[in-house]
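Below, chains carry the letters A, B, ... as their sequence lines are ordered, and counting in each starts from 1. Bear in mind that the values here come from a model prediction, so they are computed numbers and not experimental data.
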Amino acid sequence: MQKKYSEVKTLNLPEIDQSVLQLWEEQNTFHESIENRKDGKPFVFYEGPPSANGMPGIHHVMARTIKDIFCRYKTLKGFKVERKGGWDTHGLPVELGVEKTLGITKEDIGKKISIEEYNDTCRKEVMKYKDVWDDLTQKMGYWVDLDNPYITFENNYIESVWNLLKKLFEKDFLYKGYTIQPYSPAAGTGLSSHELNQPGTYRDVKDTSVTAQFKIKPTDHPISKGLASSSVDTFFIAWTTTPWTLPSNAALAVGNNIEYVLIETFNPYTFEAIRVILASDLVGKYFKPEGEEIELTDYKEGDKIIPWKRLETFSGKDLVGIEYEQLLPYVQPEKTAFRIIPGDFVSTEDGTGIVHIAPTFGADDQRVANEAGIPPIVVEDSTGAKLPLVNKQGKFVDEVTDFAGQYVKAEYEEAVDKDYKSIDVLIAIKLKEENRAFKVEKYEHSYPHCWRTDKPILYYPLDSWFVKTTAVKDKLVELNKTINWKPESTGTGRFGNWLENLVDWNLSRSRYWGIPLPIWVTEDRSELKCIGSVEELKSEVEKAIQSGVDQKPIADGFDLHRPYVDDVILVSSKGEKMYREPDLIDVWFDSGSMPYAQWHYPFENEEIFKNNFPADYIAEGVDQTRGWFFTLHAISVMLFDSVAYKNVIANGLVLDKNGNKMSKRLGNAVDPFETLSKYGADATRWYMISNAPPWDNLKFDIEGIKETQRKFFGTLFNTYSFFSLYANIDEFTFNEASIDIEKRPEIDRWVISQLNTLIQSVQDSMDDYDPTRGARAIQHFVIEHLSNWYVRLCRRRYWKGEYSDDKISAYQTLYECLITVAQLMSSVAPFFSEFLYQNLNGITQKLDAKSIHLTDFPEYKEGHVDKSLEERMQLAQDICYLVLSLRKKENIKVRQPLQKILVPVLDSQTQKQIEAVANLIKSEVNIKEIEFLTEDNGIIKKRIKPNFKALGSRMGSKMKQVAQAIISFTQDDIAQLEKDGTYKLNIEEEDIEIQIGDVEISSEDIPGWLVANLGSLTVALDINISDQLKQEGDARELVNKIQNLRKEKGFDVTDRILLDIEKSDLQQSILSFKDYISKEVLATSLNIEETVDVSDEVEVNDVKFKVKIQKA
RNA sequence: AGUCUCGUAGCUCAGUUGGUUAGAGCACUACACUGAUAAUGUAGGGGUCGGCGGUUCAAAUCCGCCCGAGACUACCA
């Protein structure tokens, strides 16, 4: 019994997913696809580790599809592509999640719950959704090795990271600094600049801003002497959007070259007479012009318009050194403060041109205060350590008596009632009452927020460890230029600019669940030790024990996390105790270390590491530019003097169909599992890839997946169904020798030519990391070339006639197209392509590979590409289009044969091209002959058009007139130009000669005929229908009706029938074409009867009669 | 606030180093086709190519300004 191609009635992609997954499982196909290439050149791919403590979203399907595509493609191309999976397990998201589930805050850790318990919980929580992730990975067809993933919390991983840190330490790339940094009180940790640069961190917020008055103190300063002696108090006014920093004010900064003015006026809240100093340029912002016209003495309390007078001007330089009274004297500085200092960043864009300086809460503030010798306003805690006036929870310290224990930002409160007044407001009120507020107003500005807690950050002085990335900036920039970025602008622009403005990488995190800093310090900080391996830790501990430190030796399997490492005490060269620096390292360092740590390099697998570094290819979302893309790059450049990856795709966001960000809160997030199970992985993947280039944002619309399913997969499936239906009937199993391409008919050679062109273009776009172009090319080929043209024109070859060479050629050609398309599309649509492969190759056994993913990428055969053939097929398609259009215009259906069409040809080449495809045209549009009209035998009306490209540069400004002249050529003018090859024009009394190449001449009309044009092509249709043609038309119409009847009655396509037809006006037509009809409908007998005893009635060209069909 | 990218039909997208009727698919309307049929064909409606100005014989394409969107940058007081 002959094996048959499976004939599936309807396309069910999710079902195919299921069966293919089962097949892969049974045959261990993913493993095989690597084993298969074990001698191949490695193509190195790095998996950016996801964090399994959150649910995957549809955007993960996008990102992972892009990763998967190139790994699969390179495998087909013969590369060995190992893909080690990984899990990112440390960091704030995990910790915050655990705090939430345990119902604790950061302060409780180490108190209500031990660090040990806490970290144990983190370890469990972090893999909470691992199963869900694994499920998605499998269902979407993402091939990655999940059996041996790297996990960042494992000791081996940590040890490798320690080793990297030690190398940085030895190269003097690690240092500790006390700096003002972004700090999230809610999360309890400082934030690195790339965390601060996560999307959405900067948000517009409305804050209470205060312009405060700082009263001048009489001193020996030449200017202040005079100012302070006035009977009216004189103030500097300075603006701030963070009034809570005013108790920490230590100085005021002015611009040396800015002009300031002394103005006499009244305080708008207390109505007291005052004199204020501010930048001249900003007077307009604080004073109404009308006020200058009013006498000061005319002012009455509460007047809308407050009068003011300019008294004197100064330059900023003159003001430097003037002292003022402390605004909110809660805490006294340790040395003299409260004076005017220069600030290079002071401008007259905002505020008053005088900047409030709080050295503990601003980076610039700290710097200029330092330079001017201004101390910060700090308090001492019980240990004598100096603290700012706001503690790490974001609350005022006790010394700020009025506001002690209050959060400085309203957002930090759990809940606020309607009477709640923020610190900013309270301070504003206090200053108003004390005649120290010149202006209070709401001010909208963008302010950074913590990416995890959504609460505003503070700029806060912190001790931190830094990586001196700025030391290798040039090299980072240099090597970045060798990376192939898709899209290029992300590499040069976003990433390149970032590198240009690099700051040192803040490595410290004051948290618990993460890789501990392996740095030990003596109490006086005179000696530092960085530990680079477990072995080293062991021997250092031994040393410590020998010198009398009471602790256990490091046992095998010692957990390198906190709190265990915290308890380890080492000894310095001088015998002093050394304690570990309490911070963890930034989790981004974890993931940036994966090229090394995933192999436990350098402790193991040195050879494997070397073969897998750097990566040939990585891909992640564009939001990783400052995250993983940067940390990979920075570590490899600093320690290995190399890029970490050679090619990188930064994909865009997945938005909802209206272009809004997806979020659970808005309810517009798409569930990836639902999408996959409803539409299948392939339709989802194909839609995502073909709709827009991956680096553009994708507006995700389910309708788009449906369309992909219907149009692309549906059409391809129909083509396969068509093939299997007839191949089964003819028992075609491709066991004949492959027919030489030269021996195949024109149409076969054409589609093979197109197929090879397609192979080349898919290969090019994939090599260029542009999957969208490739997918679109495949789609176009399948729908337009293969289905709508090749199969449509060739249908009869499959269902008619003997099993001849022509038929075999047709089967072989269609088979080759299907199998090749399946291979080309397999990296994007791994399931459906496998389905096709199994069904096709399962019968023919042409290829040995058990799976399409174990085959080689189709070979481009240049010899099979025939551009001239592709051109003339285009010509055939155009002519058919024109004829169908003409038929439509005349309302003559295609089933009615017509005698001929006329095609004017101006050169013999075109005629030859058309002649070669004449049969296709004739059968496609049902005409008997094509007649060519040349200039000799016909009257062709020609059309002439200027060739702008050729003429433009020569004609210049006369172009318009020349074009006009050419367009108005008569037929005689055109003939003359054709005869002589040149023609003289007279434009503005100047002779201009044009050549034949300066124009395009085409046929336009055949007088007396019905014509249609497309480009330079013209076709006329002979619409006369002779009796003979009419009869044939009747016959064809009847055939169609009988075919419908057969189908209705559920006959098999191969069933023979007995046909009885009722006598009617069409009797003559039927008899004339009796043989034709019988053959078409597979009738073994055809009889015309007076009456037919059935109710099946057909209508053929307005004539009704009964037809009886029965199986023979 | 600055920098970058983008803005083409109702929707999703093409658009060739600037060249004269700006395209495709979807959706819509009408008609056809029907042994591949959730497909297909023909015809139709639908565009000031974000706006204004400039360069040019010629601009969707190059330049400037403005408007809108997105991303990035920022201690901006």
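- Among the atoms of the strands shown, only primed sugar atoms or phosphate atoms (P, OP1, OP2) are found under 4.0 Å from some heavy atom of Tyr726(A).
- A1(B) is paired with U73(B) under the criterion used here, namely a Watson-Crick or G-U wobble arrangement in which both key atom distances are under 3.5 Å.
- Judged by distance alone with a 3.5 Å cut-off, a donor-acceptor contact links the side chain of Ser787(A) to the base of A36(B).
- Asp770(A) and Arg776(A) are not joined by a salt bridge, as no carboxylate oxygen comes within less than 4.0 angstrom of a charged side-chain nitrogen.
- A distance of about 14 Å separates the C1' atoms of C26(B) and G46(B), rounded to the whole Å.
- Using a 4.0 Å heavy-atom distance criterion, Lys949(A) is classed as a base contact.
- Comparing the C1' positions of A24(B) and G15(B) gives an interatomic distance of 10 Å, to the nearest angstrom.
- In this structure, OH in Tyr726(A) is found 11.0 Å from OH in Tyr798(A), a value given to the nearest 0.5 Å.
- Val962(A) comes within contact range of no nucleotide atom at all, as no heavy-atom separation falls under 4.0 Å.
- Counting non-hydrogen atoms of other residues, nucleotides and ligands closer than 6.0 Å to NZ of Lys439(A) gives a total above 12.
- Of the nucleotides present, C6(B) is the one that pairs with G68(B) by Watson-Crick or G-U wobble criteria, both distances under 3.5 Å.
- Contact annotation for Pro243(A): no contact, since no heavy-atom pair falls under 4.0 Å across all strands.
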